[in-house]
Amino acid sequence: MIDKIDYKIEILLKHRDAPGVIKSPELRSSTCTLIEKAYYLEAVILSNRTFSEGIDNQFFTAKAAINRHFRDWGLDEVADIYNELCEIAEPYLI
């Protein structure tokens with residue numbers, strides 16, 4: 001599972017550094033947040049913990065909004081990776 005997440009992070013890093021993303025601070029920030037959450041998910045899995053998302057942080061449960069955001073920018077692969085990370089995160093959410 002960790003190898004799968006690491007691979008997804010590699011792809012996300014390439015998207016983060018793509019010229020079109022670099023030109024948009026909002027989009028680059030969103031991509032960085034997704035990378036951050038992928039690393040967080042790794043930490044949760046490695047430490048065999050669970051986590052919950054409160055009202056202020058609903059990253060793994062705000063699927064429609066995040067998907068729409070990345071797809072509106074033409075980053076379908078990033079949206080697909082987000083969906084895969086959500087599936088991986090599901091058993092760890094309480």
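S30 meets the side chain to side chain donor-acceptor pair (under 3.5 Å) test with H69; sequence neighbours excluded. Contacts of N83 classified as side chain to side chain donor-acceptor pair (under 3.5 Å), with partners at least two apart in sequence or in another chain: N67. Qualifying ring-ring contact (aromatic ring centres under 6.0 Å, His included) partners for F70, counting only residues two or more places apart in sequence or in other chains: none.
Other residues, nucleotides and ligands contribute at most 12 non-hydrogen atoms within 6.0 Å of the CG atom of N48.
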Exercise. Which is it for I11 and V78 under the side chain to side chain contact (heavy atoms under 4.5 Å, CB included) test, yes or no, and what are the steps along the way?
Worked result: CA-CA 8 Å; I11 295 169; V78 174; over 6 Å; no
For this session: I would like to know whether E42 and M1 meet side chain to side chain contact (heavy atoms under 4.5 Å, CB included); could you show each step before the answer?
Result: CA-CA 9 Å; E42 274 192 355; M1 190 65 64; over 6 Å; no
Problem set entry | side chain to side chain contact (heavy atoms under 4.5 Å, CB included) evaluation trace for I5 with I45 | CA-CA 11 Å; I5 297 171; I45 293 169; 3.7 Å; yes
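Among T50, V44, T61, the single residue meeting the side-chain contact (heavy atoms from CB on, under 4.5 Å) criterion with L93 is T61.
Annotation: ring pair (Phe, Tyr, Trp, His ring centres under 6.0 Å) contacts involving residues 75-94, sequence neighbours excluded, comprise F59-Y82. Sorted by first and then second residue, the ring pair (Phe, Tyr, Trp, His ring centres under 6.0 Å) pairs with a member in residues 16-52 read Y40-F51, F51-F60; sequence neighbours excluded.
E87 CD to K63 NZ: the interatomic distance, rounded to the nearest 0.5 Å, is 7.0 Å. To the nearest 0.5 angstrom, Q58 atom CD is 11.0 Å from S52 atom OG.
Using a cut-off of 4.0 Å between Lys/Arg side-chain N and Asp/Glu carboxylate O, D80 and K8 are scored as not salt-bridged.
For the pair V21/L75, a side-chain contact is recorded, criterion being any heavy-atom separation below 4.5 Å from C-beta on.
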Per-pair distances, 0.1 Å, donor-acceptor, side chain in residues 22-29, under 3.5 Å, sequence neighbours excluded:
from : atom 1 : to  : atom 2 : distance (Å)
S24  : OG     : L27 : N      : 3.2
R28  : NE     : R16 : O      : 3.0
R28  : NH2    : D17 : OD1    : 2.8

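Considering every non-hydrogen atom in both T31 and L12, the closest pair reads CG2-O, 3.8 Å.
L41 and I94 are not part of a single hydrophobic cluster, where members link through side-chain heavy atoms under 4.5 Å apart.
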